[in-house]
Protein chains: 2
Amino acid sequence: MIISQDASCDLISIAQKTRLAASKLAVLSSEVKNQAIDAIAIALESAKDEILQANITDCEAAAEKIAKPLYKRLQLDEHKLRDAIAGVRDVGKLLDPVGAVQIHREIDTNLILKRITCPLGVLGVIFEARPEAAIQIASLAIKSGNGVILKGGKEAIRSCEAIVKAIKQGLSQTAVNPDAVQLLTTREETLELLKLDKYVDLIIPRGSNSFVRFVQENTRIPVLGHADGICHLYVDKAADIAKAVTITIDSKTQYPAACNAIETLLVHSSIAATFLPKVADALQKANVELRGEKRSREILPNIVAATEEDWETEYSDLILSIKIVDSLEEAIAHINDYGSRHTEAIVTEDVEASETFLALVNAAGVYHNCSTRFADGFRYGFGAEVGISTQQMPPRGPVGLEGLVTYKYQMIGDGQVVSTYTGNNAKSFTHRDLK
Amino acid sequence: MIISQDASCDLISIAQKTRLAASKLAVLSSEVKNQAIDAIAIALESAKDEILQANITDCEAAAEKIAKPLYKRLQLDEHKLRDAIAGVRDVGKLLDPVGAVQIHREIDTNLILKRITCPLGVLGVIFEARPEAAIQIASLAIKSGNGVILKGGKEAIRSCEAIVKAIKQGLSQTAVNPDAVQLLTTREETLELLKLDKYVDLIIPRGSNSFVRFVQENTRIPVLGHADGICHLYVDKAADIAKAVTITIDSKTQYPAACNAIETLLVHSSIAATFLPKVADALQKANVELRGEKRSREILPNIVAATEEDWETEYSDLILSIKIVDSLEEAIAHINDYGSRHTEAIVTEDVEASETFLALVNAAGVYHNCSTRFADGFRYGFGAEVGISTQQMPPRGPVGLEGLVTYKYQMIGDGQVVSTYTGNNAKSFTHRDLK
């Protein structure tokens with residue numbers, strides 16, 4: 001109990017310091033923020049040996065304890081670090097998301113309304129394993145004028161400490177107070193961080209589905225991210241079979257652990273007998289395990305039987321469930337029932353069918369004749385991706401830097417009051433957009 | 001327990017029906033939606049006598065039981081009804097928020113990305129007393145392509161039933177399925193509604209602060225609205241005294257129960273001795289009770305002593321707390337500590353001071369030399385207001401129809417897959433904005 005209270009007090013004081021530094025960072029010009037980002041890149045280069053050595057120690061300590069994929073993500077070699085530093089410089093080149101004028105309107109003579117983008121304030125970013133995530137996130141936070149409290153996985157603690165030390169060292173030479181970037185190191189602090197809705201404006205969790213769900217269910221702070229990625233590909237009766245096979249293979253196998261890989265293939269009954277043997281052959285050559293309901297297994301007798309649970313499962317692996325449907329409408333209904341509103345695709349040469357699909361499927365991304373794997377901030381041309389959101393409200397889908405800003409309304413007058421515009425003889429507003 | 005389960009089942013079936021009707025409404029053209037809105041106006045006119053009679057019965061039943069201000073809000077006379085119907089026709093004239101293309105980008109040849117606004121799905125709107133709110137909300141929901149589940153106050157039940165009956169009657173003649181608009185009538189259903197995050201995409205609560213806070217704390221569905229409205233006016237040392245007095249009077253007294261009325265007046269110490277007696281005189285003439293800390297009371301010895309609690313209180317009444325500060329920075333710190341991030345104003349002739357205030361105050365609205373009472377969707381020129389949000393993330397501040405839509409990414413290709421754009425010999429994206 002006492003320990004928890006102490007952790008909570010310490011964390012509040014850290015959060016307050018971050019907030020104070022962030023409020024000053026919020027009003028810096030693009031040029032000054034870019035200088036700070038450049039200083040971070042230089043400082044990381046100077047601290048290269050120290051960071052790599054810290055990572056070796058982390059890896060040695062973790063070697064026996066963690067699974068191989070996690071171990072690979074933990075490893076930070078010279079090549080990965082160089083890429084991460086190049087990424088910092090790329091962030092410097094991105095358009096500043098702060099200060100964009102979204103509305104500029106005359107309300108009446110000399111009474112001017114502007115809606116201007118501004119930083120959110122303080123971000124809380126919780127990530128597992130990959131220490132270089134700290135580098136990318138810190139540079140995106142500075143670029144968007146936000147403070148950031150980082151919490152890395154405990155296996156990566158020495159690597160993260162060396163990285164954040166270098167970042168703070170870099171910032172100390174600039175107009176950005178190093179307090180704008182903080183690192184938490186204990187697991188208890190994660191839970192405490194989720195409670196700080198007074199000091200933290202957005203939580204970005206990066207990790208497994210269950211971890212993201214845990215975060216979503218244990219905080220009142222808005223969460224940018226998604227738990228499940230249950231995506232579908234629907235092969236319509238009017239599909240081009242060659243395109244359908246190519247898109248299926250890419251959507252399933254190009255990176256099966258990705259959230260935008262498909263888990264279920266829906267096939268129109270009138271094309272199933274032609275399409276399924278071809279796609280099954282190609283998928284099985286790519287080592288994909290197939291699971292089908294009764295009708296699919298009539299065409300592909302050697303595949304595993306699918307159960308209700310399969311339609312609700314994100315395999316994140318080389319497994320694909322298959323279902324035959326009798327209409328476009330049935331495909332859409334299945335997707336709207338089981339999909340996680342991430343990315344859904346149709347393959348068809350029938351433009352009307354594709355328009356119906358794109359209109360009626362409820363998801364952040366609705367695709368026609370292309371792979372679901374395109375759902376990604378870099379591929380969309382955002383220059384960066386801070387997360388993919390599957391919520392209904394914006395921001396939705398892949399979110400770039402614009403997800404780290406909000407806006408405020410500025411109204412500038414010369415003494416106007418509302419009573420002038422109400423009651424008898426009320427003056428009218430002009431409501432004239434400027435520029 | 002059994003009752004609650006029944007209520008829950010009934011409500012799920014209502015929500016499913018609403019969702020189904022909404023999914024068809026979502027893809028209707030502006031013209032067809034406007035025809036439906038017109039049909040609602042005509043049907044309400046035809047049902048005028050029935051609605052007014054139902055309201056008389058509601059008022060008679062409530063007369064002894066409810067406070068006078070609530071009773072006045074419950075009353076729906078011919079004049080109020082005519083205004084509400086005119087409001088429906090105004091909604092018909094608003095720009096359709098659905099179908100706006102926010103991003104139109106070539107990713108590569110024949111691979112086109114669009115971000116297009118679309119309806120949220122189903123709105124849950126819980127309001128107290130004022131039965132004509134149902135009329136406005138239903139027309140805004142149809143305009144934005146959303147289904148809506150309405151829950152009115154129990155005092156207004158007969159009025160709301162007559163109104164919703166007329167609305168459904170009007171819709172039955174149109175392309176919009178009347179199931180798109182539903183009315184709940186029991187208090188238990190409110191709690192059940194808040195649990196339906198699978199079927200309801202946005203909750204809009206309209207009522208007292210405590211009611212909004214209750215809703216916010218008892219649902220995982222996004223809530224559009226705000227609990228507190230603790231707004232400040234800061235009179236800087238470089239203020240024009242006449243402007244400062246006029247703006248103070250308007251911000252406090254023009255409609256003291258409004259969320260954008262001020263609760264605290266902050267005054268720079270170097271202007272306090274001149275300004276405070278003048279503004280106190282004007283405020284007291286308008287029957288405003290003043291409360292001040294020690295230094296204010298040295299200048300205004302007859303006012304009540306303010307306590308810490310005053311800085312945290314939304315009076316919603318003719319009461320104003322006063323505090324003297326020694327600097328712009330102290331004013332900003334007080335506002336960022338105690339304000340509810342609604343609307344904050346500075347009066348000054350010093351442009352630099354106003355720029356600092358507008359940049360560093362964290363609120364949805366930051367104003368210079370005008371009344372806080374301007375914070376309102378109609379005054380901003382949105383044509384409608386669905387709520388005022390004090391959250392940090394967008395939508396923030398007064399929210400018009402754009403708060404009732406989200407967006408989806410549409411990607412249209414002719415067989416493109418991601419593997420083409422990765423690895424050795426990776427093809428580059430063109431990322432060229434179109435139009």
Side-chain angles (χ1 to χ4, degrees), chain A residues 23 26-27 103 105 107 111 113 115 120-121 201-202 222 240 242-243 246-247 249-251 254-255 336 354 358-360 362-371 373-375 379-381 391-394 396-398 406-419 421-422 429 431, chain B residues 23 26-27 103 105 107 111 113 115 120-121 201-202 222 240 242-243 246-247 249-251 254-255 336 354 358-360 362-371 373-375 379-381 391-394 396-398 406-419 421-422 429 431:
Chain A
S23 73
V27 295
I103 294 176
R105 183 172 295 165
I107 300 302
L111 184 62
L113 179 72
R115 187 165 97 181
L120 280 171
D201 300 290
L202 181 68
D240 175 305
K243 279 183 200 170
T246 313
I247 292 172
I249 295 295
D250 193 78
S251 297
Q254 203 267 332
Y255 185 20
N336 284 343
S354 106
L358 267 48
L360 294 184
N362 182 14
V366 285
Y367 287 14
H368 175 210
N369 284 353
C370 56
S371 168
R373 291 274 300 121
F374 282 107
R379 288 174 199 138
Y380 280 9
Q391 67 182 12
Q392 195 75 358
M393 302 273 287
R396 197 180 191 204
T406 182
Y407 52 72
K408 52 167 83 165
Y409 287 93
Q410 288 187 355
M411 181 100 90
I412 299 183
D414 61 2
Q416 286 86 348
V417 292
V418 162
S419 60
Y421 304 88
T422 48
F429 293 112
H431 286 155
Chain B
S23 72
V27 296
I103 294 176
R105 182 172 295 166
I107 301 301
L111 184 62
L113 178 72
R115 187 165 98 182
L120 279 171
D201 300 290
L202 181 69
D240 175 305
K243 280 183 199 169
T246 314
I247 292 172
I249 295 296
D250 192 79
S251 298
Q254 203 269 332
Y255 186 18
N336 285 342
S354 106
L358 268 48
L360 294 185
N362 183 14
V366 284
Y367 287 14
H368 175 209
N369 284 352
C370 56
S371 168
R373 291 272 302 121
F374 282 108
R379 291 178 196 135
Y380 279 9
Q391 67 181 12
Q392 196 74 357
M393 303 273 287
R396 198 180 191 203
T406 182
Y407 53 72
K408 51 167 82 163
Y409 287 94
Q410 289 187 354
M411 179 100 91
I412 299 183
D414 61 2
Q416 286 86 348
V417 291
V418 162
S419 60
Y421 304 89
T422 47
F429 293 112
H431 286 157

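Below, chain A is the first sequence line, B the second, and so on; all start at residue 1. Values in this document were obtained by computation on a predicted structure and should not be read as measured data. Any value given below was found using the heavy atoms of this structure, including those in side chains, with hydrogens, waters and symmetry copies removed.
Neither the backbone nor the side chain of A/S251 comes within contact range of chain B, judged by heavy atoms closer than 4.5 Å. Using a 4.5 Å cut-off between heavy atoms, A/Q410 contacts chain B through both its backbone and its side chain. At a 4.5 Å heavy-atom cutoff, the contact between A/S419 and chain B is made by backbone and side-chain atoms alike. For A/A359, the parts lying under 4.5 angstrom from a heavy atom of chain B are both the backbone and the side chain. Neither the backbone nor the side chain of B/I249 comes within less than 4.5 Å of any heavy atom in chain A. Only the side chain of A/L111 comes within contact range of chain B, with heavy atoms under 4.5 Å apart. Heavy-atom distances place both the backbone and the side chain of B/I247 under 4.5 Å from chain A. Neither the backbone nor the side chain of B/S354 comes within less than 4.5 Å of any heavy atom in chain A. Heavy atoms closer than 4.5 Å to chain A are found nowhere in B/A242, neither backbone nor side chain. Only the side chain of A/R105 comes within contact range of chain B, with at least one heavy atom under 4.5 Å from a heavy atom of that chain. Interface remark: B/V366 contributes backbone and side-chain atoms alike to the contact with chain A (heavy atom separation under 4.5 Å). Interface remark: B/F429 contributes side-chain atoms only to the contact with chain A (heavy atom separation under 4.5 Å).
Considering all non-hydrogen atoms of both residues, B/T246 and A/V417 come closest at O-CG1, 3.6 Å. In this structure, B/C370 and A/M411 approach most closely via the heavy-atom pair SG-CG, 3.5 Å.
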Assess the residue pair B/R379 and A/I107 against the criterion (side chain to side chain contact (heavy atoms under 4.5 Å, CB included)); give the C-alpha distance rounded to whole Å, side-chain angles, the decisive distance to 0.1 Å, and a yes or no. CA-CA 7 Å; B/R379 291 178 196 135; A/I107 300 302; 5.6 Å; no
Where do B/D201 and A/M393 land on the side chain to side chain contact (heavy atoms under 4.5 Å, CB included) test, with the steps shown first? CA-CA 8 Å; B/D201 300 290; A/M393 302 273 287; over 6 Å; no
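Considering NE2 of B/H368 and CD1 of A/I412, their distance stands at 7.0 Å, rounded to 0.5 Å. Taking CD of A/Q392 as the start and CG of B/L202 as the end, the distance is 10.0 Å to the nearest 0.5 Å. Between atom CG of residue A/N362 and atom OG1 of residue B/T406 there is a gap of 8.5 Å, rounded to the nearest 0.5 Å. To the nearest 0.5 Å, atoms OH (B/Y380) and CG (A/L113) are separated by 5.5 Å.
B/N369 places no side-chain N or O within 3.5 Å of a backbone atom of A/G415 that could act as its donor or acceptor partner. Under a 3.5 Å cut-off, the side chain of B/K408 and the backbone N or O of A/G397 do not form any donor-acceptor pair. Under the 3.5 Å distance criterion, the side-chain polar atoms of A/Y407 are matched with a main-chain donor or acceptor of B/R396.
The distance between the ring centers of B/Y367 and A/Y409 does not fall below 6.0 angstrom.
Counting heavy-atom pairs closer than 4.5 Å to chain B, the top-ranked of the candidates A/Q416, A/K243, A/R115 is A/Q416. In terms of heavy-atom pairs under 4.5 angstrom with chain A, the leader among B/P222, B/S23, B/A364, B/A375 is B/A364.
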